[in-house]
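For reference, the structure is listed below as structure tokens.
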Amino acid sequence: MSMKFGGASSVTHTLDWKGSDYLCRVVTPATESRLNTLLVLPGIMYPLHSWPRLEAEFADIRRLVFVELPGVTTATSAVPRLTWEFLLGATVNILDSLGIQRCDVLAASACGPLGYRLAHQYGDRISRLVLVGAPSQNLSRETEELIRHIDRFITLKPSLSGDRARRKEFAGIIAETLTLSNSTRGRRSAAMIALALRHKLSRLPREDYIRYVQYHNDLMLNPGAEVIPPGLIEGVPTLAVYGEHDRITPPGSGRELAGNIADCTVAVIKQCGHMLNNERSKEFNDLINRFLAGNSLTPLPYLADISTGQTVRASDRM
């Protein structure tokens, strides 16, 4: 499927990896020659179209490749059991199929460990890595509680088919966990984003929730699960960015990850939760743009913390 908007074109490709089909959407600027590519592993809910603000910011200056991994939504084939090795192979297959020898990578949330593995095993093909709200080896209690809540929602969803209010109630709990909407420190825009997210989640097919829980159970919540592989990432400048009030992957996750990355900056954006790319989209896009261009990340007034080896607090720079 091909579309055009602004000066850029958008084409969705169907690929196959070991008998499982999956998707990628390529957004190409009108002036496409010699432009860098940003491969976006955007999480596992609405992956192809869930980052409109980032797309609007970068579509005219970079080729963007959004990935919908095999087995993660009902738009792709079911996979009996997901492994990181399988998903890593599918991701590299996209680069090979599109003829991309080297690119930047942005990996968000539950796809963070996949982006980490890509830089760890294929560092010669990755120019810069951005990890957004990525988990470390030790998952937060809130992550486990969120998956249990979604599991309950799956069990009840058939009986909730005619109960719109209850569906919204369950979806609202998920949305509040992912945003800053239920905090006195929250901004009005965060509350609006949480409301829109609740609306989307209440309409998401039950099978997509089942896939979401499977992804976490197969890859992160099983006893002995290796969320982050051993070994050091070297030669890939990395930015790990988190929301100041993220309960799913708190900023400490980034500091844990930084211990395994030779060149890593951890940045914490003020007044947002796990959905920082939506809650603080202008600031988020500015930070990503600066990093990918190799520009300085200090001083930036919207950062609560930034560390490159040692923590430098925003208050120390004032």
Side-chain angles (χ1 to χ4, degrees), residues 1-6 8-29 32 35-59 62-101 103-118 122 125-126 129-134 197 200-201 203-216 218-219 277-278:
M1 182 174 65
S2 177
M3 297 174 57
K4 284 196 174 182
F5 53 95
S9 63
S10 172
V11 180
T12 299
H13 302 269
T14 300
L15 301 98
D16 176 86
W17 180 245
K18 296 187 175 180
S20 296
D21 67 315
Y22 62 114
L23 306 169
C24 73
R25 186 168 68 91
V26 181
V27 180
T28 306
E32 59 177 288
L35 286 176
N36 291 336
T37 295
L38 177 62
L39 179 74
V40 183
L41 302 168
I44 54 177
M45 281 191 175
Y46 298 103
L48 291 191
H49 299 278
S50 59
W51 292 62
R53 294 173 177 87
L54 180 131
E55 184 172 335
E57 179 73 22
F58 290 99
R62 287 178 173 270
R63 178 165 63 162
L64 303 172
V65 180
F66 294 92
V67 178
E68 187 155 345
L69 294 163
V72 303
T73 73
T74 50
T76 63
S77 298
V79 177
R81 185 177 182 279
L82 294 168
T83 67
W84 289 121
E85 291 73 20
F86 174 79
L87 296 177
L88 180 62
T91 305
V92 174
N93 184 51
I94 291 174
L95 299 181
D96 293 342
S97 297
L98 296 177
I100 299 171
Q101 296 303 314
C103 66
D104 297 319
V105 174
L106 185 153
S109 191
C111 284
L114 182 58
Y116 185 99
R117 282 170 166 78
L118 194 60
Y122 295 90
R125 301 187 68 171
I126 310 304
L129 172 66
V130 180
L131 298 172
V132 182
L197 181 61
K200 275 188 174 183
L201 292 173
R203 293 171 176 267
L204 198 67
R206 180 172 181 265
E207 181 63 28
D208 277 1
Y209 280 110
I210 292 173
R211 300 277 187 97
Y212 185 91
V213 170
Q214 181 200 358
Y215 184 98
H216 285 81
D218 285 354
L219 299 171
N277 61 300
N278 288 316

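Values below: every heavy atom of this structure, side chains too, minus hydrogens, waters and symmetry copies.
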Any C111 side-chain heavy atom under 4.5 Å of L69 side chain: yes

With a 4.0 Å cut-off, would you call R125 and D96 a salt bridge? yes

Inter-residue atom distance D208.CG - T74.OG1, 0.5 Å rounding: 3.5 Å

Nearest-0.5 Å distance, OG1 of residue T83 to CG of residue D218: 9.0 Å

Y122 and L88, any side-chain heavy atoms less than 4.5 Å apart: yes

R25 and S10 side chains, donor-acceptor separation under 3.5 Å: yes

L64 side, atom CG; L54 side, atom CG - distance, nearest 0.5 Å: 6.5 Å

Please report the closest heavy-atom contact between A59 and A8, naming both atoms and the distance. O-CB, 3.8 Å

Would you check if F66 and E55 make a side-chain contact, meaning some heavy-atom pair closer than 4.5 Å? yes

Residue pair L98 / H13, side-chain heavy-atom distance below 4.5 Å: yes

Is it true that a side-chain atom of T76 and a backbone atom of G71 form a donor plus acceptor pair closer than 3.5 Å? yes

Is any side-chain heavy atom of V26 closer than 4.5 Å to a side-chain heavy atom of R63? yes

For the CG atom of L219 and the CH2 atom of W84, what is their distance to the nearest 0.5 Å? 4.5 Å

Which heavy atom of S20 sits nearest to which heavy atom of V79, and what is that distance? OG-CG2, 3.8 Å

Kindly compute the distance separating CG (L197) from OG (S50), expressed to the nearest 0.5 Å. 10.5 Å

Working note: V105 + V130, criterion side chain to side chain contact (heavy atoms under 4.5 Å, CB included); need CA distance, chi angles, decisive distance, verdict. CA-CA 6 Å; V105 174; V130 180; over 6 Å; no

Using the side-chain contact (heavy atoms from CB on, under 4.5 Å) definition, which of the options L106, D104, L118 pairs with L39? L118

Using a strict threshold of under 4.0 Å (side-chain N to carboxylate O), is an ion pair present between E57 and R53? no

Do V65 and I94 have side chains that approach each other closer than 4.5 Å (heavy atoms only, starting at C-beta)? yes

Look at the rings of F86 and W17 and say which category their plane angle falls in: under 30° parallel, 30 to 60° tilted, over 60° perpendicular. tilted

Heavy-atom pair of closest approach, residues P113 and S109: CD-O, 3.8 Å

Between the main-chain N or O of D16 and the side-chain N or O of Y22, is there a donor-acceptor pair closer than 3.5 Å? no

For C103, the option from L95, N36, L38 that meets side-chain contact (heavy atoms from CB on, under 4.5 Å): L95

About how many Å separate OH of Y215 and CG of L82, when rounded to the nearest 0.5 Å? 8.0 Å

Looking at side-chain heavy atoms only, is the closest gap between F58 and V40 below 4.5 Å? no

Counting C-beta onward and ignoring hydrogens, is there a side-chain heavy-atom pair between R211 and I44 closer than 4.5 Å? no

T73 and E68 side chains, donor-acceptor separation under 3.5 Å: yes

Closest non-hydrogen atom pair between G115 and L129, with its separation: O-CD1, 3.9 Å

